[in-house]
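Written out below as structure tokens is the structure these notes cover.
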Amino acid sequence: MKITIKDGPSGEVGEGHTVADALQALGVSLGLDILAARVNGTVVDLSMPLHGDAVIEPLRFDSPEGREVYRHSSTHIMAQAVKELFPTAQLTIGPALEDGFYYDFAYERPFTPEDLEKIEQRAREILKRNLTIRRRELSKQEAIEFFKARGEHYKVELIEGFPEGERVSVYSQGDFVDLCRGPHVPSTGHVGALKLLSTAGAYWRGDERNPLLQRIYGTSFPTQAELDTHLARLEEIKRRDHRKVGKDLDLISIHDEIGPGLVLWHPKGAMIRLQIENFWREQHLNAGYELVYSPHVARLDLWKTSGHVDFYRENMFAPMKVEGSDYQLKPMNCPYHIMIYKSHLRSYRDLPLRYGELGTVYRYERTGVLHGLLRVRGFTQDDAHIFCLPDQMEEEVSRVLDFTFYMLRTFGFTEFEVFLSTRPKESVGSDEHWEQATSSLEAAIKKRGVTYRVDQGGGAFYGPKIDIKIRDALGRSWQCSTIQVDFNNPQRFQLHYVGEDGKPHQPIMIHRALLGSIERFVGILIEHYGGAFPTWLAPVQARVMNITDRQRDYVSSVSADLKTAGFRIETDLRNEKIGFKIREAEKAKVPFMLVAGDREVQGKTLSVRRRNGTNVGDLTVSEVITLLRAEAAQPYQYSQPSQGGGLSFPSCA
RNA sequence: GCCCACGUAGCUCAGUCGGUAGAGCACGUCCUUGGUAAGGACGAGGUCACGCGUUCGAUCCGCGUCGUGGGCUCCA
């Protein structure tokens, strides 16, 4: 049979030889780096026998598939260690994750940190044993018998769920045997460095009615150095945690006395937020939006009409009684914007109408899911609703996409992932509507030349949507922006406009949020920048400090001048050494430190130091103003054209 | 909501095998006037999350409540 190595030689290899044989026969040396192979498109074990012509691509740790095999084998090694140390623990499932793995065990008690250490040690020992990993296939019945005999009841349950007649694969290494689809690395020695990270409870099959299992998380890399780099990254993530940085920089707080998920914005946090909001409002006005405000409560009847009471109740705070009728704290802004639309008879000539609001909403989130600023109960959406004619939809979506990329780039994000979510099983609206809306969304994405993925059935019940995820400085992705078409509300609220034909027609409604929620977005920004905000967002842009008391008056007057010039300035006149003041300003992540001693007073200058430690040198006050002005400018200048076109940022992928 | 862990000064944490507590930083006063990441002295600061129980006595033990953290989606 003819075997071809991808991007390499090809040749004849005897029938029934394994992938490993074939690789070797064609001159690929089988080091520990080759973990598995893709054969004619399928990822398989190196020990798999070949029948017929094939194209083979050896897989190493540098490919996503190679990594997955690697981590999957790693979790088996950990499971073997657990079984050796805790024989009564039962195996359940143990998949690879993006940068690690976990395994869930049924065990009578949680694993302690001491257990974890022992398991890790034992797992390392198993690597050293370099046990061969073997694949075997059994019939469904044989597999059930086999795992029953071993007391692995969860495995039995899994196999019982498999289709009749299916062959079941089983992998073994030494005495350890696990039900597994595979593939795996050839031997336990192929895993280089392994580290267990944490334990947690997890429900069998993710359902809280099921028994609680003991999950162990870990990760593995070919070398200790790579593992160390990864662990250092985890440390960095911890160091940048917005909850810690938010406290250290005195930006926000959350108090028991106020309630979980309810955020207080301290002056510095509020200043950052104010900059974001000012920018947001200004840009929305430029982009043809009209800004509106709406109250925090409304009669429950409004939320009945909108369908929230039927479809969203579990996320809403309980209604309150006022003068005998029920009022509801708002979980969304849309019904109010709809009411503004309805306050007039609208003509097709009025459309599109774009109503934007930084609208604060309240949603009941289960206590267990609350998380700092990222998941809260009261938050402000950068919300807008666009009411348009059906044939304006594509253009409107296209403009929103453009606008989104511009906003996100301004805040320092350069990598985006775009998802198009289509009709879910439970949904309202006609097929034609869905089809038309979905294709408009898709056309708008394509027009922007953006790569995207389709999330089949991931749309809201009321319409398809586009979600945009950003990647932060540490490579994590976050969903912020969403653009959703809504068929439901125009129907429920009987929205219409008078068409050219003089007859009423239903407008299309588009919900959109670019930053998502301000709380969440600021949380993400804090972590993205590690608290060191760019000058245009920094709550304090420069701190002016004197070296001795002799410069007090000079520093005060210079500070006043800088404030008059429009900058956010703090003055540090404390009786402390300059080194100490610099240290404090560094810790507060102030972008510029302006120091005045006798020399500077003499020359009417300031010694300018950047947050990163570089010395800019002595500048006059007007030079400082010029410098700060340049530094405090937003990174992109943009004006939304009045009609059509639009500035696009095609490098988003 | 569920499981596990945690809750001690403004912050970070130590401590008490049950006899009402301690450090560093921050804060205040004083000394020091020092040139780019920590000058010194003294001082003030705590209902040990809250409630109930056990006990002669609870910050410590038990139960409950509240809150925080990790997790509960990524298919053998």
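Predicted model, so just to flag it, every value in this text is computed and none were measured. To find a chain, count down the sequence lines: A is the first, B the second, and so on, and within it residues start at 1.
- Residue A:Gln80 forms a side chain to side chain contact (heavy atoms under 4.5 Å, CB included) with just one option from A:Asp178, A:Asp175, A:Leu131, and that option is A:Leu131.
- Pair check for B:G64 finds B:C50; Watson-Crick or G-U wobble, both atom distances under 3.5 Å.
- Using a 4.5 Å heavy-atom cutoff, the side chains of A:His255 and A:Leu264 are in contact.
- Pair assignment for B:G1 gives B:C72, based on Watson-Crick or G-U wobble hydrogen-bonding distances that are each under 3.5 Å.
- Across B:U65 and B:U55, the matching C1' atoms stand 23 Å from one another, rounded to whole Å.
- Note on A:Tyr217: only backbone sugar-phosphate atoms sit closer than 4.0 angstrom, heavy atoms only; bases stay farther off.
- Here the rule is side chain to side chain contact (heavy atoms under 4.5 Å, CB included) with A:Leu251, and of A:Met271, A:Lys268, A:His266, A:His242 only A:Lys268 fits it.
- Comparing B:G15 with B:G22, their C1' atoms are spaced 7 Å from each other, to the whole Å.
- Listed candidates were B:A37, B:G34, B:C74. Nearest to the side chain of A:Tyr102 is B:C74.
- For B:U36, the OP1/OP2 oxygens have no side-chain nitrogen or oxygen of A:Arg583 closer than 4.0 Å.
- Within 4.0 Å (heavy atoms only), A:Gly368 reaches at least one base atom of the nucleic acid.
- A:Glu314 comes within contact range of no nucleotide atom at all, as no heavy-atom separation falls under 4.0 Å.
- At B:C72, one or more side-chain N or O atoms of A:Arg215 fall inside 4.0 Å of OP1 or OP2 (strictly under the cut-off).
- Between A:Arg375 atom CZ and B:U73 atom C1' there is a gap of 12 Å when expressed in whole angstrom units.
- Of all nucleotides listed (B:G35, B:A37, B:G1), B:G35 comes nearest to the side chain of A:Ile547.
- Taking 3.5 Å as the limit, the base of B:G35 and the side chain of A:Glu600 contain a donor-acceptor pair of atoms between them.
- B:G7 and B:C48 are spaced 10 Å apart, taking the C1' atom of each and rounding to whole Å.
- Of the nucleotides present, none pairs with B:G18 by Watson-Crick or G-U wobble criteria with both distances under 3.5 Å.
- In this structure, A:Ile254 and A:Arg599 both approach RNA chain B, and ranking their closest nucleotides by distance from the 5' end singles out A:Arg599.
- The NE2 atom of A:His266 sits 13 Å away from the C1' atom of B:C11 (whole-angstrom rounding).
- The nucleotide B:A37 finds no pairing partner, because no Watson-Crick or G-U wobble arrangement with both distances shorter than 3.5 Å includes it.
- The side chain of A:Asp549 sits closest to B:U33 out of B:U33, B:G39, B:U68.
- Here the side chain of A:Lys247 is nearest to one of B:A37, B:G39, B:U12, namely B:U12.
- In summary, the aromatic rings of A:Phe221 and A:Phe61 are positioned with their centroids under 6.0 Å apart.
- Nucleotides B:G46 and B:C50, compared at atom C1', are 16 Å apart to the nearest Å.
- When distances run from any side-chain atom of A:Arg609 to the nucleotides B:C74, B:U36, B:C2, the shortest one goes to B:U36.
- Among the heavy atoms of the strands lying under 4.0 Å from A:Leu97 is at least one base atom, whether or not backbone atoms are also near.
- RNA chain B is contacted by both A:Arg550 and A:Thr367; A:Thr367 maps to the nucleotide lying nearer its 5′ end (nearest heavy atom per residue).
- A donor-acceptor pair under 3.5 Å is absent between the side-chain atoms of A:Arg215 and the main chain of A:Ala200, judged by distance alone.
- As a whole-Å value, the separation of A:Leu213 CG from B:C2 C1' is 13 Å.
- When heavy atoms are screened at a 4.0 angstrom cut-off, A:Gly259 is found touching no nucleic acid atom at all.
- Distance, A:Arg366 CZ to B:G70 P: 16 Å, rounded to whole Å.
- The listed nucleotides are B:A37, B:G39, B:G70; the one nearest the side chain of A:Phe580 is B:G39.
- Across B:C72, B:A38, B:G35, the shortest atom-to-atom separation from the side chain of A:Val369 is found for B:C72.
- Comparing atom distances between the A:Val595 side chain and each of B:A37, B:G71, B:U36 picks out B:U36 as nearest.
- Checked against B:G69, B:U68, B:G35, the side chain of A:Arg243 finds its nearest nucleotide in B:G69.
- Of all heavy-atom pairs spanning A:Asp104 and A:Thr92, the tightest one is O-OG1, 2.5 Å.
- Following rounding to the nearest Å, A:Asn612 (CG) and B:U36 (P) show an atom-to-atom distance of 17 Å.
- Nucleotide B:C13 holds its C1' atom 12 Å from the NZ atom of A:Lys244, rounded to whole Å.
- The CZ-C1' distance, from A:Arg574 to B:G34, rounds to 14 Å in whole Å.
- Nucleotide B:C25: paired with B:G10 (Watson-Crick or G-U wobble, both distances less than 3.5 Å).
- Pair assignment for B:U59: none, as no Watson-Crick or G-U wobble contacts are both less than 3.5 Å.
- Of the P atoms belonging to B:C25 and B:A38, the separation is 14 Å, rounded to the nearest Å.
- Rounded to whole Å, the separation between the C1' atoms of B:U47 and B:A21 comes to 13 Å.
- Within 4.0 Å of A:Asn615, counting heavy atoms only, lies no atom of the nucleic acid at all.
- Between B:U73 and A:Tyr203, no contact under 4.0 Å exists linking OP1 or OP2 to a side-chain N or O.
- In this structure, of B:C75, B:C27, B:A37, it is B:A37 that holds the atom nearest to the side chain of A:Ile582.
- A:Arg205 places its CZ atom 23 Å from the P atom of B:G71, with the value rounded to the nearest Å.
- If you take atom C1' in B:A58 and the same atom in B:C63, they sit 14 Å apart, rounded to whole Å.
- Looking at A:Thr75 and A:Tyr102, their side chains never come closer than 4.5 Å, going by heavy atoms from C-beta outward.
- Using a 4.0 Å cut-off, no side-chain N or O of A:His255 falls inside it from OP1 or OP2 of B:U68.
- Between the C1' atoms of B:G18 and B:C60, the separation comes to 6 Å (whole Å).
- Under a 3.5 Å cut-off, the side chain of A:Ser169 and the backbone N or O of A:Cys180 do form a donor-acceptor pair.
- A distance below 6.0 Å separates the ring centres of A:Phe111 and A:Phe86.
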